[in-house]
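All residue numbers refer to positions in the sequence shown, counting from 1. It should be emphasised that the depicted structure is a prediction, and the values quoted were computed from it without experimental measurement.
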Amino acid sequence: NHISQYLWTSLARGASGIMFWTLNPRGAVQEAGEWGLIDFLRQDTDRMVAARKVALALEQYGKELKSMKPVSAPISILYSHESFYVERFNAMSNQSSFDARKIDAVEKSLSVAYQAISANGVCPEVCEMKAFNWDNGENRIAILPDCIAVPSEYWDKISGFVKSGGKLIVTGRSFYYDENMFCTFMYRPFPLKDCFGAEMKEYKVTADYFSLDGKLTGHLWRGIIEPKGATTVLESNGEVLGTRNSFGKGQVVWLPTPIELGAYHRDMSGLEEFYSKECKSALSLSQSDIKQFITEYRWQWLPGMNLFY
């Protein structure tokens with residue numbers, strides 16, 4: 001089933017080609033061969049059968065499907081190039097065993113957020129900040145998962161996005177640095193104080209993995225917030241770990257603990273539930289559109305389409 005879902009969701013998001021890893025199990029080095037389309041006996045696996053069914057459907061109805069274009073996703077996961085540069089710089093001087101201190105920490109957080117949202121049946125858009133349309137936030141959700149550096153040129157745009165009706169979900173160390181690698185939380189006042197309705201108090205090294213509320217798992221640092229008008233949504237031992245703030249027509253949800261890295265290669269059910277709840281309106285709309293599209297164009301019989309119901 002996962003092969004069918006991967007293929008149809010990729011094609012629905014505009015993919016022009018899909019590569020498989022791999023055709024056959026690797027004969028040397030790492031991996032147990034669990035991703036091969038054929039097994040050790042050189043026979044088709046269920047993955048190959050599923051891929052063949054989708055390929056045959058595309059061969060028969062490719063013209064109709066090719067004429068269709070993906071619509072813009074109401075949920076966008078954002079990143080900045082500066083975050084990658086900063087993380088790379090930090091990792092070069094700190095050879096740590098913790099995922100949060102490694103060179104690919106930002107990328108892992110982004111990919112885990114994508115996976116958690118996709119588990120709800122909708123593929124979010126992944127977009128660099130410069131390419132994102134900040135003009136109108138109505139009915140749109142922007143997510144910054146552990147986006148460690150957010151350049152100052154976007155601060156007013158982010159506030160405007162929320163004020164116009166957008167929802168902003170901020171996790172991990174997002175906004176820790178500006179474009180010059182200066183700690184944004186040490187600005188006086190914090191540039192997004194009004195928008196977030198809170199300020200960052202501190203980060204505490206806690207443990208490799210630790211529970212926040214019995215569902216969400218944090219990694220390494222526990223982010224503690226000082227509310228300045230925002231509503232507390234997550235608290236532990238008198239410390240505020242999460243807030244929600246209404247700003248203009250929109251709102252900001254802030255959990256400054258690396259919850260994506262807390263779910264990396266671990267149980268993701270808590271993170272999936274978190275995003276399902278916070279993205280409920282957009283997910284419901286998108287899932288409704290998918291069902292309507294499948295029914296309207298009578299694609300219910302295509303292999304794997306039952307996964308979207």
> Where is the tightest heavy-atom contact between Ser118 and Pro124, given as atom of each residue plus distance?
Replying inline: OG-CD, 3.6 Å

>> Taking the side chain as everything from C-beta on, heavy atoms only, tell me whether Leu144 gets closer than 4.5 Å to Ile169.
In response: no

>> Below 30° counts as parallel, above 60° as perpendicular, anything between as tilted: where do the rings of Tyr154 and Trp134 land?
In response: tilted

> Would you call the rings of His81 and Tyr85 parallel, tilted or perpendicular if under 30° counts as parallel and over 60° as perpendicular?
Replying inline: parallel

> Could you walk me through whether Glu239 and Lys201 pass the salt bridge (charged side-chain N to carboxylate O under 4.0 Å, His left out) check?
Replying inline: CA-CA 10 Å; Glu239 296 175 334; Lys201 188 173 182 179; over 6 Å; no

> Do Ser164 and Glu138 have side-chain atoms, one donor and one acceptor, less than 3.5 Å apart?
Replying inline: no

> Is it true that Phe40 and Leu23 fall in one hydrophobic cluster, defined by side-chain heavy atoms closer than 4.5 Å?
Replying inline: no

> Which pair of heavy atoms, one from Ile225 and one from Trp254, lies closest together, and at what distance?
Replying inline: CD1-O, 3.6 Å

>> Tell me whether Glu179 at atom CD has more than 12 heavy atoms from other residues, nucleotides or ligands lying less than 6.0 Å away.
In response: yes

> Quick one: does Arg47's side chain get under 4.5 Å of His2's, heavy atoms only?
Replying inline: yes

>> Can you give me the closest heavy-atom contact between Gly223 and Met200, atom names plus distance?
In response: CA-CE, 3.6 Å

> What distance do Asn133 atom CG and Asn136 atom CG have between them, rounded to the nearest 0.5 Å?
Replying inline: 7.5 Å

>> Using side chain to side chain contact (heavy atoms under 4.5 Å, CB included), reason through Ile143 and Cys279 one step at a time and then give a plain yes or no.
In response: CA-CA 10 Å; Ile143 301 169; Cys279 301; 4.2 Å; yes

> Checking Thr22 side chain against Asn24 main chain: does a donor-acceptor pair fall under 3.5 Å?
Replying inline: yes

>> How close do Gly218 and Leu212 get, counting heavy atoms only, and between which atoms?
In response: N-CG, 4.2 Å

> What pairs meet the salt bridge (charged side-chain N to carboxylate O under 4.0 Å, His left out) rule with one or both residues in residues 245-262, with sequence neighbours excluded?
Replying inline: none

> Roughly how far apart are Ser159 OG and Leu192 CG, rounded to 0.5 Å?
Replying inline: 5.0 Å

>> Leu58: which residues meet the side chain to side chain contact (heavy atoms under 4.5 Å, CB included) condition with it, sequence neighbours left out?
In response: Trp8, Leu11, Val54, Leu65

> Between CE of Met48 and CG of Asp46, what distance do you get to the nearest 0.5 Å?
Replying inline: 11.5 Å

> Can you list every side-chain hydrogen bond (donor to acceptor under 3.5 Å, both in side chains) pair that touches residues 188-198, not counting sequence neighbours?
Replying inline: none

>> A side-chain contact here means heavy atoms from C-beta on lying under 4.5 Å apart; do Met129 and Val150 qualify?
In response: yes

> What pairs with Cys127 under side chain to side chain contact (heavy atoms under 4.5 Å, CB included), at least two apart in sequence or on another chain?
Replying inline: Leu78, Glu125, Ala131, Phe132

> Does the salt bridge (charged side-chain N to carboxylate O under 4.0 Å, His left out) test come out yes or no for Glu87 and Arg173, once each step is laid out?
Replying inline: CA-CA 11 Å; Glu87 199 67 274; Arg173 300 161 297 163; 2.7 Å; yes

>> Please enumerate all residues that pass ring-ring contact (aromatic ring centres under 6.0 Å, His included) together with Phe185, with sequence neighbours excluded.
In response: Tyr176, Phe190

> Would you say Phe98 and Leu261 make side-chain contact, with heavy atoms under 4.5 Å?
Replying inline: no

Output side-chain donor-acceptor pairs under 3.5 Å for residues 103-110, partner residues at least two apart or in another chain, one line each.
unit_1	atom_1	unit_2	atom_2	d
Lys108	NZ	Asp99	OD1	3.0
Ser109	OG	Ala105	O	3.0
Ser109	OG	Asp146	OD2	3.4

>> Using a 3.5 Å distance criterion without hydrogens, assess whether the side chain of Ser83 forms a donor-acceptor pair with backbone atoms of Ala149.
In response: yes

>> Run the side chain to side chain contact (heavy atoms under 4.5 Å, CB included) test against Glu272 and tell me which residues pass, sequence neighbours left out.
In response: Ala116, Ala119, Met268

>> Could you check whether Glu278 pairs with Arg244 (Lys NZ or Arg NE/NH1/NH2 to Asp/Glu carboxylate O, under 4.0 Å)?
In response: yes

> Going by the ring pair (Phe, Tyr, Trp, His ring centres under 6.0 Å) test, which pairs reach into residues 213-251, not counting sequence neighbours?
Replying inline: Tyr209-His219

>> Assess the residue pair Leu255 and Leu234 against the criterion (side chain to side chain contact (heavy atoms under 4.5 Å, CB included)); give the C-alpha distance rounded to whole Å, side-chain angles, the decisive distance to 0.1 Å, and a yes or no.
In response: CA-CA 8 Å; Leu255 273 76; Leu234 189 58; 4.1 Å; yes

> Who pairs with Phe175 by ring-ring contact (aromatic ring centres under 6.0 Å, His included), at least two apart in sequence or on another chain?
Replying inline: Phe196

>> With side chain to side chain contact (heavy atoms under 4.5 Å, CB included) as the criterion, how do Ile75 and Arg140 come out once you've worked through the C-alpha distance, each side chain's angles and the decisive distance to 0.1 Å?
In response: CA-CA 6 Å; Ile75 304 172; Arg140 297 167 65 204; over 6 Å; no

> Can you list every salt bridge (charged side-chain N to carboxylate O under 4.0 Å, His left out) pair that touches residues 151-160, not counting sequence neighbours?
Replying inline: none

>> Taking the side chain as everything from C-beta on, heavy atoms only, tell me whether Phe210 gets closer than 4.5 Å to Thr217.
In response: no

> With side chains defined as the heavy atoms from C-beta onward, is the minimum distance between Asp44 and Leu37 less than 4.5 Å?
Replying inline: no

>> Assess the residue pair Phe89 and Phe84 against the criterion (side chain to side chain contact (heavy atoms under 4.5 Å, CB included)); give the C-alpha distance rounded to whole Å, side-chain angles, the decisive distance to 0.1 Å, and a yes or no.
In response: CA-CA 9 Å; Phe89 178 82; Phe84 295 143; over 6 Å; no

>> Going by the rule side chain to side chain contact (heavy atoms under 4.5 Å, CB included), which residues pair with Thr232 if we only count those two or more places apart in sequence or in a different chain?
In response: Pro227, Glu235, Val240

>> Among residues at least two apart in sequence or on other chains, which ones pass side-chain hydrogen bond (donor to acceptor under 3.5 Å, both in side chains) with Lys163?
In response: none

> Any idea which heavy atoms bring Val112 and Ala263 closest together, and the distance?
Replying inline: CG1-CB, 4.3 Å

> Passes side chain to side chain donor-acceptor pair (under 3.5 Å), Arg222 versus Thr206? Steps please.
Replying inline: CA-CA 6 Å; Arg222 185 169 73 251; Thr206 304; 2.9 Å; yes

>> Give me the atom names and distance for the closest heavy-atom approach of Leu241 to Pro256.
In response: O-CD, 3.4 Å

> Do Pro191 and Asp178 touch side chain to side chain, with heavy atoms closer than 4.5 Å?
Replying inline: no

>> Please determine whether residues Met181 and Tyr203 belong to a single hydrophobic cluster, defined as Ile, Leu, Val, Met, Phe, Trp and Tyr linked transitively by side-chain heavy-atom distances below 4.5 Å.
In response: yes

> Looking at CG of Asp213 and CZ of Phe274, how far apart are the two atoms once the value is rounded to the nearest 0.5 Å?
Replying inline: 9.5 Å

> Is any side-chain heavy atom of Lys167 less than 4.5 Å from a side-chain heavy atom of Val162?
Replying inline: no

> CD/Glu82 to CG/Asn180 distance, rounded to the nearest 0.5 angstrom?
Replying inline: 10.0 Å

>> So for atom CD, which belongs to Glu59, do other residues, nucleotides or ligands contribute more than 12 heavy atoms lying within a distance under 6.0 Å?
In response: no

